[in-house]
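Throughout, residue positions are numbered sequentially from 1 according to the sequence presented. Hydrogens, waters and symmetry mates play no part in the numbers below; they use all other heavy atoms, side chains included. Here the structure is a predicted model, which means the values were calculated and not measured. When a ligand or atom number is given, it counts from 1 through the structure's own listing order.
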Amino acid sequence: MTNREEIERRRTFAIISHPDAGKTTLTEKLLLYGGAINQAGSVKGKQSAKHAVSDWMDIEKQRGISVTSSVLQFNYAGKCVNILDTPGHQDFSEDTYRTLMAADSAVMVIDAAKGVEAQTIKLFKVCTLRHIPIFTFINKMDREARDPFELMENIEEILGIKTYPMNWPIGCGKEFKGVFDRNTRKVLAFSSDGRANGVKKVDETEAELGDPALDELLTPYLHQQLVDEIELLDGAAEEFDLDKVLRGELSPVFFGSALTNFGVEPFLENFLRLTPTPLARVDSLTGETVDPCRDEFSAFIFKIQANMNKAHRDRIAFMRICSGKFERGMEAFHVQEGKNIKLATGTQLMAQDRAIVDEAYAGDIIGLFDPGIFSIGDTLCTGKKKVQFAGIPTFSPEHFARIEQKDTMKRKQFVKGMEQIAQEGAIQIFREVGGGMEEVVVGVVGVLQLEVLEYRLNTEYNVEIRMQQLPFEQLRWVQNDPDTYNLRDLDLTSDTKAVEDMKGNRLLLFTSDWAVRWAETHNETLKLSEFGNI
Ligand code: G4P
């Protein structure tokens with residue numbers, strides 16, 4: 001296969017959802033259909049299998065969760081599929097957001113009984129930053145579900161994206177009999193064998209709408225209901241428009257049940273048909289797009305995972321390849337450092353195993369052993385003309401704590417530990433405007449990161465800390481010019497605090513949405529942003 005063929009068969013996406021909507025179950029079923037695993041149940045099981053993949057920290061073992069996200073790769077119908085896992089439960093963190101920067105599309109899993117939930121909204125917002133296509137999988141149709149028309153309305157109203165049902169559910173709960181594919185105009189009736197436990201692929205029977213056999217397969221009532229609903233749908237205004245899908249303005253919607261496998265394969269097939277090949281990224285030096293199929297290699301680092309192996313205090317830097325081909329041992333120019341480096345070992349997660357990668361292509365994600373040379377947002381490239389991809393934005397933390405060391409004699413270790421952990425991107429650190437490191441405010445996206453911080457300072461830097469959680473919930477970067485815009489003159493609620501980050505950017509910490517709105521409405525010229533350094 002040529003490099004171009006290899007690149008064009010790649011599909012790289014992230015699955016996003018609110019906890020418990022079924023992300024893990026759907027991922028596992030995609031692997032099942034992709035032949036990467038033989039039996040469902042091997043990825044799930046938070047106590048066992050997940051650890052095989054990212055077993056790197058005691059805290060993770062104790063909790064039975066994975067602290068950082070990983071990548072799974074499999075082949076299906078000639079395509080090479082990369083699924084980026086976005087941690088969701090207590091392990092929700094900034095990495096969850098950063099992972100979305102490496103994806104070319106997102107699959108949003110929604111619980112059919114609950115509709116759009118809080119975490120879905122946050123993740124969706126980050127996807128819209130990049131205007132990537134967002135596909136919707138409405139899951140758990142084998143349970144009592146909300147009316148499908150109502151679910152579509154719920155997505156449109158809350159997320160502000162148009163929807164187009166690619167298929168339509170026939171019944172729900174115990175009566176969930178199949179889906180109608182609006183593209184082929186065929187009914188896919190699922191055999192009830194799959195319902196038993198969902199460990200094997202499901203059997204499907206295909207029939208045309210109106211076929212008398214469907215009265216038997218679905219019941220005459222459900223058949224008639226389907227005919228009526230499809231008529232209603234076809235009359236509805238929104239047309240399918242692939243360009244709108246690719247711009248992230250229209251979300252193709254699929255109904256199914258990951259648990260019973262109903263609707264998983266039709267989803268996978270249609271999704272892979274519609275989701276883009278590796279997207280061209282923009283070189284921020286010239287503003288030009290970098291063709292993924294060009295010969296020269298380029299990539300950026302979007303995540304750094306520390307101490308995966310405790311025996312060596314190494315880190316793994318995850319890079320997304322944007323163009324060309326990676327070969328183990330190759331040399332590349334590290335743009336931020338301004339020097340050539342050897343990309344010695346690449347690792348990749350194939351289903352449950354971590355493997356050494358000899359070659360990889362644009363669209364792929366691999367982990368590089370990092371002796372401490374990489375930072376999030378770094379670009380690597382080969383060729384005469386260097387490129388540089390835009391940095392990864394800093395996302396607004398949602399939990400804050402004041403941190404001080406117990407033993408003031410260990411000041412050096414404390415500062416070093418805090419700075420290194422912040423540099424990996426696990427936490428953000430702030431100080432009083434113009435202040436030092438005596439009192440540090442730490443901000444994190446997921447509350448577990450605070451525990452991770454305490455644990456790591458203790459075990460890796462031998463520093464004990466006192467931590468006091470602070471009531472702030474929101475943070476905004478101040479965009480106004482620091483030389484001319486004085487924060488002291490602002491009209492703010494008394495519980496709002498001004499701080500600066502390690503780069504000297506100024507920020508405001510707020511205790512509520514209400515306080516943010518106060519600041520915005522009472523200070524006309526104040527410019528605030530939810531994301532830093534875009
Ligand atoms: P998450 O990764 O989004 O957090 O969700 P996960 O897949 O872990 O699923 C959450 C729960 O919902 C699991 O049940 C899972 O079995 C169930 N589930 C997922 N998809 C479906 C579906 O299509 N239909 C139904 N009825 N249930 C579904 P659990 O009891 O929390 O875990 P477990 O005991 O099954 O492991």
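Close contacts between ligand 1 and Asp20 involve ligand atoms 1 (P), 3 (O), 4 (O), 5 (O), 10 (C), 12 (O) [criterion: under 4.0 Å to a heavy atom]. Ligand-side atoms of ligand 1 in range of Ser17: 3 (O), range being under 4.0 angstrom from any heavy atom. Near Lys23, the atoms of ligand 1 lying under 4.0 angstrom from a non-hydrogen atom of the residue are 1 (P), 2 (O), 3 (O), 5 (O), 7 (O). Within the listing of ligand 1, atoms 4 (O) sit less than 4.0 angstrom from a heavy atom of Pro19. Ligand 1 places these atoms under 4.0 Å from at least one heavy atom of Thr24: 1 (P), 2 (O), 7 (O), 8 (O).
Between Phe395 and Phe531, the ring-plane angle classifies as perpendicular under the 30° and 60° cut-offs.
For ligand 1, none of its N or O atoms has an N or O atom of Gly256 under 3.5 Å away.
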*Which is it for Leu30 and Ile83 under the side-chain contact (heavy atoms from CB on, under 4.5 Å) test, yes or no, and what are the steps along the way?*
CA-CA 9 Å; Leu30 296 178; Ile83 307 182; 4.1 Å; yes

_Run the side chain to side chain donor-acceptor pair (under 3.5 Å) test on Gln420 and Glu460 for me, step by step, so that the C-alpha distance in whole Å, both residues' side-chain angles and the decisive distance to 0.1 Å come before the verdict._
CA-CA 11 Å; Gln420 283 191 352; Glu460 292 169 31; over 6 Å; no

_Step-by-step side-chain contact (heavy atoms from CB on, under 4.5 Å) determination, Phe240 to Leu274_ = CA-CA 12 Å; Phe240 183 77; Leu274 301 172; 4.0 Å; yes

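Ranked by closest heavy atom to atom 6 (P) of ligand 1, the top entry among Ile15, Thr25, Leu259 is Thr25.
By the criterion of a heavy-atom distance under 4.0 Å, the side chain of Arg143, and not its backbone, is placed next to ligand 1.
Taking the six-membered ring for Trp and the full ring otherwise, the centers of Phe13 and Phe135 sit at least 6.0 Å from each other.
The cationic atom of Arg182 (NZ for Lys, CZ for Arg) lies less than 6.0 Å from the six-membered ring centre of Tyr164 and within 45° of the ring axis.
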